[in-house]
Amino acid sequence: QVHLVESGGGSVQAGGSLRLSCSVSGFTSVTNCVGWFRQAPGKEREGVAAIVTYERTTHYADSVQGRFTISEDNTKDRVYLQMNGLNPEDTATYFCATVPLSRCGGRWDVRSWYRYWGQGTQVTIPE
(Lines give C-alpha, C1' and ligand atoms only; values in the text may rest on other atoms or scores of the structure.)
Protein backbone atom coordinates (compact mmCIF):
# COMPACT_ATOMS: atom_id res chain seq x y z
CA GLN A 1 0.00 0.00 0.00
CA VAL A 2 1.36 3.41 -1.01
CA HIS A 3 1.04 6.24 1.47
CA LEU A 4 1.68 9.97 0.90
CA VAL A 5 1.88 12.80 3.41
CA GLU A 6 2.21 16.46 2.45
CA SER A 7 3.76 19.19 4.58
CA GLY A 8 5.14 22.69 4.24
CA GLY A 9 2.04 24.71 3.57
CA GLY A 10 1.37 28.08 5.16
CA SER A 11 0.66 31.73 4.51
CA VAL A 12 3.17 34.07 2.87
CA GLN A 13 2.99 37.49 1.29
CA ALA A 14 2.76 37.91 -2.44
CA GLY A 15 6.15 37.46 -4.03
CA GLY A 16 7.27 35.06 -1.33
CA SER A 17 8.27 31.40 -1.47
CA LEU A 18 7.28 28.10 0.07
CA ARG A 19 8.59 24.57 -0.28
CA LEU A 20 6.08 21.75 -0.06
CA SER A 21 7.21 18.25 0.78
CA CYS A 22 5.55 14.94 -0.08
CA SER A 23 6.76 11.97 1.95
CA VAL A 24 6.10 8.72 0.11
CA SER A 25 6.18 5.15 1.37
CA GLY A 26 5.26 1.80 -0.12
CA PHE A 27 6.79 2.08 -3.59
CA THR A 28 7.97 -1.24 -5.01
CA SER A 29 9.84 0.33 -7.94
CA VAL A 30 12.21 3.27 -8.34
CA THR A 31 10.22 4.57 -11.37
CA ASN A 32 6.93 6.16 -10.42
CA CYS A 33 4.94 9.21 -11.43
CA VAL A 34 4.42 11.67 -8.57
CA GLY A 35 2.32 14.74 -9.19
CA TRP A 36 1.31 17.88 -7.33
CA PHE A 37 -2.25 19.12 -7.73
CA ARG A 38 -4.08 22.07 -6.20
CA GLN A 39 -7.68 22.94 -5.56
CA ALA A 40 -8.97 26.40 -4.79
CA PRO A 41 -12.45 26.91 -3.27
CA GLY A 42 -15.13 26.47 -5.91
CA LYS A 43 -12.67 25.32 -8.55
CA GLU A 44 -11.62 22.04 -10.09
CA ARG A 45 -8.51 20.26 -8.86
CA GLU A 46 -5.74 21.02 -11.35
CA GLY A 47 -2.35 19.53 -12.06
CA VAL A 48 0.58 21.75 -11.15
CA ALA A 49 3.67 19.62 -11.76
CA ALA A 50 4.80 16.02 -11.94
CA ILE A 51 8.05 14.08 -11.83
CA VAL A 52 9.15 10.62 -12.81
CA THR A 53 11.14 9.39 -9.84
CA TYR A 54 14.71 8.21 -10.49
CA GLU A 55 14.60 9.44 -14.13
CA ARG A 56 13.57 12.93 -12.94
CA THR A 57 11.62 13.84 -16.05
CA THR A 58 9.38 16.77 -15.12
CA HIS A 59 6.13 18.34 -16.31
CA TYR A 60 4.64 21.74 -15.42
CA ALA A 61 1.41 23.60 -15.92
CA ASP A 62 1.79 26.79 -17.94
CA SER A 63 0.57 28.83 -14.97
CA VAL A 64 3.55 27.82 -12.81
CA GLN A 65 6.29 27.27 -15.40
CA GLY A 66 9.37 29.21 -14.38
CA ARG A 67 8.10 29.84 -10.82
CA PHE A 68 7.67 26.33 -9.40
CA THR A 69 10.22 23.51 -9.39
CA ILE A 70 9.47 19.87 -8.65
CA SER A 71 12.29 17.65 -7.43
CA GLU A 72 12.92 14.45 -5.55
CA ASP A 73 15.28 13.24 -2.88
CA ASN A 74 15.22 9.48 -3.25
CA THR A 75 17.41 9.03 -0.18
CA LYS A 76 14.58 10.47 1.89
CA ASP A 77 11.67 9.19 -0.21
CA ARG A 78 10.45 12.72 -0.68
CA VAL A 79 9.21 14.83 -3.58
CA TYR A 80 9.37 18.59 -3.20
CA LEU A 81 7.57 21.50 -4.81
CA GLN A 82 9.58 24.72 -4.54
CA MET A 83 7.22 27.63 -5.16
CA ASN A 84 8.65 31.08 -5.86
CA GLY A 85 6.98 34.31 -6.89
CA LEU A 86 3.73 33.32 -5.20
CA ASN A 87 0.61 35.37 -5.87
CA PRO A 88 -2.99 35.25 -4.55
CA GLU A 89 -4.04 33.06 -7.50
CA ASP A 90 -1.80 30.31 -6.07
CA THR A 91 -3.96 30.08 -2.93
CA ALA A 92 -5.29 26.52 -2.72
CA THR A 93 -5.03 23.19 -0.99
CA TYR A 94 -2.09 21.34 -2.52
CA PHE A 95 -2.10 17.57 -2.87
CA CYS A 96 0.52 15.09 -3.94
CA ALA A 97 -0.51 11.95 -5.73
CA THR A 98 1.11 9.03 -7.45
CA VAL A 99 0.77 6.38 -10.12
CA PRO A 100 3.27 3.65 -9.22
CA LEU A 101 5.31 2.01 -11.95
CA SER A 102 4.57 4.84 -14.38
CA ARG A 103 6.50 7.49 -16.32
CA CYS A 104 3.68 10.07 -16.23
CA GLY A 105 3.51 10.91 -19.94
CA GLY A 106 0.63 12.83 -21.40
CA ARG A 107 -1.71 12.06 -18.51
CA TRP A 108 0.44 13.71 -15.84
CA ASP A 109 -2.23 16.33 -15.13
CA VAL A 110 -5.27 14.05 -15.29
CA ARG A 111 -6.70 13.77 -11.78
CA SER A 112 -8.59 10.53 -12.38
CA TRP A 113 -5.46 8.72 -13.54
CA TYR A 114 -3.72 8.97 -10.16
CA ARG A 115 -4.23 6.04 -7.77
CA TYR A 116 -3.02 7.31 -4.41
CA TRP A 117 -3.43 10.72 -2.78
CA GLY A 118 -2.23 12.57 0.26
CA GLN A 119 -4.48 14.55 2.56
CA GLY A 120 -3.40 17.98 1.31
CA THR A 121 -1.70 21.05 2.73
CA GLN A 122 -3.07 24.60 2.63
CA VAL A 123 -1.22 27.42 0.90
CA THR A 124 -2.55 30.96 1.36
CA ILE A 125 -1.31 34.11 -0.34
CA PRO A 126 -3.33 37.08 0.95
CA GLU A 127 -4.50 39.79 -1.44
Side-chain angles (χ1 to χ4, degrees):
Q1 181 73 12
V2 177
H3 189 56
L4 304 98
V5 179
E6 303 95 336
S7 61
S11 179
V12 296
Q13 292 183 342
S17 299
L18 283 172
R19 188 177 78 160
L20 305 183
S21 177
C22 176
S23 177
V24 185
S25 61
F27 280 151
T28 59
S29 169
V30 296
T31 304
N32 309 279
C33 178
V34 179
W36 282 99
F37 284 72
R38 66 185 181 185
Q39 188 166 18
K43 294 188 177 181
E44 295 289 321
R45 191 171 299 188
E46 63 174 355
V48 174
I51 189 167
V52 180
T53 58
Y54 184 70
E55 294 181 0
R56 301 185 176 177
T57 303
T58 58
H59 304 269
Y60 293 97
D62 289 344
S63 59
V64 305
Q65 182 77 46
R67 298 190 299 126
F68 291 11
T69 302
I70 190 170
S71 63
E72 71 155 335
D73 182 342
N74 57 14
T75 65
K76 298 181 180 179
D77 293 329
R78 289 182 180 268
V79 173
Y80 300 102
L81 186 67
Q82 177 67 43
M83 306 186 295
N84 299 327
L86 288 162
N87 58 63
E89 289 70 40
D90 296 314
T91 294
T93 300
Y94 284 71
F95 302 86
C96 64
T98 188
V99 183
L101 301 170
S102 170
R103 290 183 169 85
C104 296
R107 293 173 291 180
W108 76 267
D109 59 348
V110 176
R111 174 185 179 179
S112 61
W113 182 59
Y114 284 79
R115 290 187 59 189
Y116 301 98
W117 291 82
Q119 83 289 348
T121 186
Q122 179 66 36
V123 171
T124 302
I125 316 301
E127 295 281 353

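The structure displayed is predicted, hence computed values, not measured ones.
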State, to 0.1 Å, how close [X] and [Y] come at their nearest heavy-atom pair, and which atoms those are.
{"X": "Q39", "Y": "K43", "answer": "NE2-O, 3.2 Å"}
{"X": "C104", "Y": "V52", "answer": "SG-CG2, 3.8 Å"}
{"X": "C33", "Y": "A50", "answer": "SG-CB, 4.4 Å"}

Taking a hydrophobic cluster as the set of Ile, Leu, Val, Met, Phe, Trp and Tyr residues connected by side-chain heavy atoms closer than 4.5 Å, whether directly or through intermediates, do [X] and [Y] fall within one such cluster?
{"X": "I70", "Y": "L4", "result": "yes"}
{"X": "V48", "Y": "Y116", "result": "yes"}
{"X": "L20", "Y": "I125", "result": "yes"}
{"X": "V64", "Y": "V12", "result": "yes"}
{"X": "V99", "Y": "V2", "result": "no"}

Is there a donor-acceptor pair under 3.5 Å between the side chain of [X] and the backbone N or O of [Y]?
{"X": "Q13", "Y": "P126", "result": "no"}
{"X": "E6", "Y": "G120", "result": "yes"}
{"X": "T124", "Y": "T91", "result": "no"}
{"X": "R78", "Y": "S21", "result": "no"}
{"X": "Q122", "Y": "G9", "result": "no"}
{"X": "T58", "Y": "I51", "result": "no"}
{"X": "N32", "Y": "L101", "result": "yes"}
{"X": "Y60", "Y": "R67", "result": "no"}

Please report the C-alpha distance between L81 and R38 in whole Å, then the side-chain angles of each, then the deciding distance to 0.1 Å, and finally whether the side chain to side chain contact (heavy atoms under 4.5 Å, CB included) criterion is met. CA-CA 12 Å; L81 186 67; R38 66 185 181 185; over 6 Å; no

Which class fits the ring pair Y94 and F68: parallel under 30°, tilted 30 to 60°, perpendicular over 60°? tilted

With Y114 as partner, the option from F37, W36, F95 fulfilling ring-ring contact (aromatic ring centres under 6.0 Å, His included) is F37

To the nearest 0.5 Å, tell me how far [X] [atom1] sits from [Y] [atom2].
{"X": "H59", "Y": "R107", "atom1": "NE2", "atom2": "CZ", "result": "11.5 Å"}
{"X": "W108", "Y": "T57", "atom1": "CH2", "atom2": "OG1", "result": "13.5 Å"}
{"X": "T69", "Y": "M83", "atom1": "OG1", "atom2": "CE", "result": "11.0 Å"}
{"X": "R56", "Y": "S71", "atom1": "CZ", "atom2": "OG", "result": "8.0 Å"}

Would you say the side chain of Q119 lies within less than 4.5 Å of the side chain of V5, judging by non-hydrogen atoms? yes

Quick one: does Y54's side chain get under 4.5 Å of S29's, heavy atoms only? no

Please check if the number of heavy atoms outside R115 that lie under 6.0 Å from its CZ is greater than 12. no

For the CD atom on E89, are there more than 12 heavy atoms of other groups (residues, nucleotides or ligands in this structure) within a distance under 6.0 Å? yes

Determine whether T53 and N74 satisfy the following criterion, side chain to side chain contact (heavy atoms under 4.5 Å, CB included), listing intermediate values before the conclusion. CA-CA 8 Å; T53 58; N74 57 14; over 6 Å; no

